[in-house]
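Worksheet for the structure shown next.
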Amino acid sequence: MTDSARTPPAPAPAIRPGGIAARAMGARPAAAYLEGLNPEQRHAVETLDGPVLVLAGAGTGKTRALTTRIAHILATGKAHPSQILAVTFTNKAAREMKERIAALVGGVAEGMPWLGTFHSIGTKILRRHAELAGLKSGFTILDTDDQIRLLKQVLQAENIDEKRWPARQLAHLIDGWKNRAIGPDKVSAADAGLFANGRGPDLYALYQERLKILNATDFGDLLLEPIRIFRENPDILADYHRRFRYILVDEYQDTNVAQYLWLRLLAQGSHNICCVGDDDQSIYGWRGAEVDNILRFEKDFPGATVIRLERNYRSDGHILASASHLIAHNEGRLGKTLQPQGDIGEKVTVNGAWDSGEEARTIADEIESLQNKGHALNDIAILVRASFQMREFEDRFVTVGLNYRVIGGPRFYERAEIRDALAYFRCVVSPADDLAFERIVNTPKRGLGDASIALCHAIARAQKIPLMAAAHIAVDSGELKPKPRAALKDVLDHFARWSARLDQITHTELAEIILDESGYTEMWKRDRSADAAGRLENLKELVRSMDGFENMAGFLEHVSLVMDTEGGAGSDAVTIMTLHAAKGLEFDTVFLSGWEEGLFPHQRSLDESGRAGLEEERRLAYVGITRARKRAKISFASNRRIHGMWQTSIPSRFLDELPEEHVDVLEAPATFSSSYGRSRFDGLAPFSSSYATPGWQRAQANRAAPQAETFRRGPRVIEGELVAKSTGTSAYPVGTRIFHQKFGYGHVAMVEGNKLTVDFDKAGQKHILDSFVEPA
DNA sequence: GATCCATTTGTTTTT
DNA sequence: CAAATGGATC
């Protein structure tokens with residue numbers, strides 16, 4: 001959240017909350033932190049009593065208002081740090097908020113125990129009252145992966161064909177229900193019918209039962225269980241009412257029903273709830289966010305003060321005007337008009353390309369020329385709708401030798417080796433963690449297959465004990481063959497030894513011993529595949545990252561709630577990421593690629609959510625444009641390979657929704673000048689192969705000096721792909737009479753690989769892929 | 001019980 | 001086109 005990056009934070013006064021200075025200031029706050037706020041921001045900061053909705057457009061200083069408000073509450077002595085509940089969605093946002101409050105107030109922020117994500121605060125509450133939810137306080141938190149594996153077991157036990165009814169799909173449904181705070185008994189008939197002939201709710205209930213047996217929760221429960229506890233125990237709720245004098249919510253437009261209910265329950269106490277958000281930036285509807293929450297705020301919280309932040313300090317005039325004009329096409333918005341504060345700046349540009357390769361090349365060229373003019377690569381970003389688009393840019397940047405970084409993709413804690421290692425740790429800390437145990441009993445391979453595991457499961461179920469305990473019995477009983485029996489005994493002995501040392505040595509040492517003695521490290525050392533070295537490195541990194549924690553249990557809790565790792569800014573590099581990932585960030589120059597019907601707006605959005613889907617896509621476009629401070633450069637490609645098939649598409653309807661007077665169209669949509677049709681091999685023509693290009697050589701040089709820009713994967717080696725593909729011969733030699741769906745009849749004028757230049761009788765000369773024509 | 005091949009299925013992503 | 005999954009085979 002760098003919304004107000006350009007209005008420097010006021011110097012931090014060191015005021016001890018509740019101290020004499022603070023109380024004295026409460027009478028007449030002329031605090032320095034209020035300086036530099038515009039009137040609306042100041043209003044948002046100083047309206048402390050009653051419900052407040054701050055509608056903060058992109059780049060209007062939202063985070064600043066929020067953090068200053070907290071500083072103000074503290075400085076005026078209205079509440080202690082521990083009496084403020086401040087919730088965010090991501091750990092990153094929570095971290096930033098903490099830092100900024102600390103900067104404003106001077107170090108008091110560590111004393112804010114209730115500043116965190118919905119889930120971390122939910123966990124905290126649930127741990128205190130776990131027994132009321134049928135759990136023990138040390139419950140484990142399952143991630144999506146565990147959740148699906150658990151559901152698979154449920155489906156198996158119920159004899160449901162997993163082929164026809166995949167566990168993943170059920171997980172989605174249950175997630176959706178939990179997002180809407182719907183318990184197994186409240187699922188609507190329509191929803192129930194969606195899975196296994198109406199068995200959905202039934203399976204949902206069984207899943208919940210299994211969770212309790214495992215002493216585990218999924219992410220949804222972290223909010224739902226507290227809601228249940230609050231509803232069933234008014235005394236507990238009253239306790240929290242007394243505790244939380246002020247409630248603050250960031251990104252309110254992203255809340256789902258469960259989060260809304262949770263907040264509403266807590267806000268019934270003081271009524272001092274302040275929600276900050278922007279309905280125009282609601283882009284997470286597909287994972288349960290209800291824009292309606294923010295649209296309905298005044299009804300939900302009667303007497304609410306609504307404050308609009310509309311002065312945009314980020315983007316230049318043309319950019320802002322374009323974004324505003326575009327988003328105005330949405331219905332059902334609260335309506336804000338962003339007012340530019342700076343220069344009119346450069347017009348937004350729209351550029352059409354023949355295919356995605358050319359798009360990437362054009363953008364890479366533009367970036368190089370910006371770089372030559374002295375622009376830092378760190379100030380440049382490429383935003384795409386779908387992650388498959390990133391590849392084309394990566395390929396191009398490698399050949400050209402441009403430094404880039406990719407944000408997104410599989411995260412650190414989602415990597416197999418990390419999850420395996422964590423499963424070992426989980427087993428040591430909580431021997432009843434069946435899912436973890438099952439994950440690693442046979443990793444590395446120990447000769448324990450389905451048969452042995454099935455036996456353990458049978459014992460566990462019969463005696464209602466955890467898997468590991470059942471495994472002990474299995475070893476003692478004579479039911480296993482000698483080999484698996486010895487192997488299983490060996491593992492169990494290891495675990496017994498590790499558990500015993502839990503309190504004797506530091507958790508970091510223990511972690512190393514576990515990975516070593518289990519043979520897990522050895523397994524990757526023996527692995528000859530290319531990424532084995534990286535995996536070992538990741539394991540080291542994991543152990544290193546445990547250092548900052550009290551103990552193993554503390555570390556594991558952190559991991560289950562914090563799925564992100566600090567990806568250092570590193571060296572100067574262009575950022576490539578999805579539009580979703582870009583929310584909250586800003587760059588001088590933003591390239592918005594792939595504005596084609598079907599990709600953006602995405603076809604699936606339109607198919608599945610219709611009008612609402614289209615509006616969400618439009619908001620995504622709005623988010624994209626408003627990331628730019630100085631330059632927004634939109635592009636589209638007529639041809640793109642999707643699932644290996646070339647597809648032709650028309651420019652996005654969003655392009656037509658931009659205001660002409662603020663946009664420069666560099667390439668007229670729909671007609672493509674022949675200079676662009678010469679395909680992706682243009683730039684390489686003078687060289688015998690791509691290896692000979694200066695860019696390739698530069699890329700080689702760059703690779704030699706290792707750079708830690710491997711957020712997701714290293715720059716991809718393309719191994720002459722560009723030349724290889726050009727040799728395909730077309731089935732349509734020059735002069736062939738052909739027919740095209742859209743352009744009608746014509747004859748082939750030129751052939752390049754699978755690309756044809758065709759003189760159409762009516763439509764003139766066009767560049768077409770041979771797969772789109774047929775012999776006339 | 002492990003390995004290999006065929007089939008499937010491909011937005012966006014946090015906790 | 002490619003990754004990931006699951007079934008069939010050794």
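Here is how names work: the chains are called A, B, and so on, in the same order as the sequence lines, proteins then strands, and each is numbered from 1. Computed over heavy atoms, backbone and side chain alike; hydrogens, waters and symmetry mates excluded.
Rounded to the nearest Å, the gap between the C1' atom of B:dT12 and that of C:dT5 is 23 Å. As rounded to the nearest Å, C:dG6 and B:dT11 have C1' atoms that lie 24 Å from one another.
Counting only heavy atoms from C-beta on, A:Tyr284 has its side chain closest to B:dT13 among B:dT15, B:dT13, C:dA2. Distance from the side chain of A:His602 is smallest to B:dT11 among B:dT12, B:dT11, B:dT15.
With sequence neighbours left out, A:Leu194 forms a side chain to side chain contact (heavy atoms under 4.5 Å, CB included) with A:Leu173, A:Asp191.
With rounding to whole Å, A:Asn179 atom CG is found 17 Å from B:dT13 atom P. Rounding to whole angstrom units, CD of residue A:Glu251 and C1' of B:dT15 are separated by 15 Å. Rounded to a whole Å, the CD1 atom of A:Ile283 is 12 Å from the C1' atom of B:dT11. The distance from atom CG of A:Asp175 to atom P of B:dT13 is 16 Å, rounded to the nearest whole Å. Taking atom CZ on A:Phe118 and atom C1' on B:dT15, their separation rounds to 12 Å, with Å as the unit. Nucleotide B:dT15 holds its P atom 17 Å from the CG atom of A:Leu142, rounded to whole Å. In this structure, the CH2 atom of A:Trp646 is 12 Å from the P atom of C:dC1, given to the nearest Å. Atom CZ of A:Arg385 is separated from atom C1' of B:dT12 by 5 Å (rounded to the nearest Å).
Under a 4.0 Å N-O distance rule, the pair A:Asp420/A:Arg535 does not qualify as a salt bridge. Using a 4.0 Å cut-off between a side-chain N of Lys or Arg and a carboxylate O of Asp or Glu, A:Lys62 and A:Glu96 do not qualify as a salt bridge. Electrostatic pairing of A:Arg419 and A:Asp145 counts as a salt bridge here, judged by a charged N lying under 4.0 Å from a carboxylate O.
Of the side-chain N and O atoms in A:Asn91, none sit less than 4.0 angstrom from OP1 or OP2 of B:dT14. Not one side-chain nitrogen or oxygen of A:Ser605 sits closer than 4.0 Å to the OP1 or OP2 atom of B:dT12. Contact between the side-chain N/O atoms of A:Ser387 and the OP1/OP2 oxygens of B:dT12 is found at a separation under 4.0 Å.
Within the 4.0 angstrom heavy-atom criterion, no nucleotide atom of any strand lies near A:Asp218. Counting any heavy atom pair closer than 4.0 Å across all strands shown, A:Gln147 reaches no nucleic acid atom. Looking at heavy-atom distances under 4.0 Å, A:Thr88 makes no contact with the nucleic acid at all.
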Are there any protein N/O atoms within less than 3.5 Å of an N/O atom in nucleotides 4-10 of chain C, and if so, which ones and at what distance?
none

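Residue whose closest nucleotide on DNA chain B sits further toward the 5' end, between A:Ser120 and A:Gly447: A:Gly447. Between A:Glu617 and A:Leu222, the residue anchored closer to the 5' end of DNA chain B is A:Glu617, taking for each the nucleotide with the nearest heavy atom.
A donor-acceptor contact closer than 3.5 angstrom links the side chains of A:Arg264 and A:Tyr260.
The aromatic ring of A:Trp286 is stacked on the base of B:dT12, with the two ring centres less than 5.5 Å apart and the planes inclined by under 30°.
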Only distances under 3.5 Å count here; give the side-chain donor-acceptor pairs of residues 283-292 of chain A to other protein atoms, sequence neighbours excluded, each with its distance to 0.1 Å.
unit_1: A:Tyr284; atom_1: OH; unit_2: A:His580; atom_2: O; d: 3.4
unit_1: A:Trp286; atom_1: NE1; unit_2: A:Ile283; atom_2: O; d: 3.0
unit_1: A:Trp286; atom_1: NE1; unit_2: A:His580; atom_2: NE2; d: 3.4

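Proximity of a side-chain donor or acceptor of A:Asp355 to a complementary backbone N or O of A:Asn639 within less than 3.5 Å is not detected.
Ring geometry for A:Phe654 versus A:Phe600: interplanar angle over 60°, hence perpendicular rather than tilted (30 to 60°).
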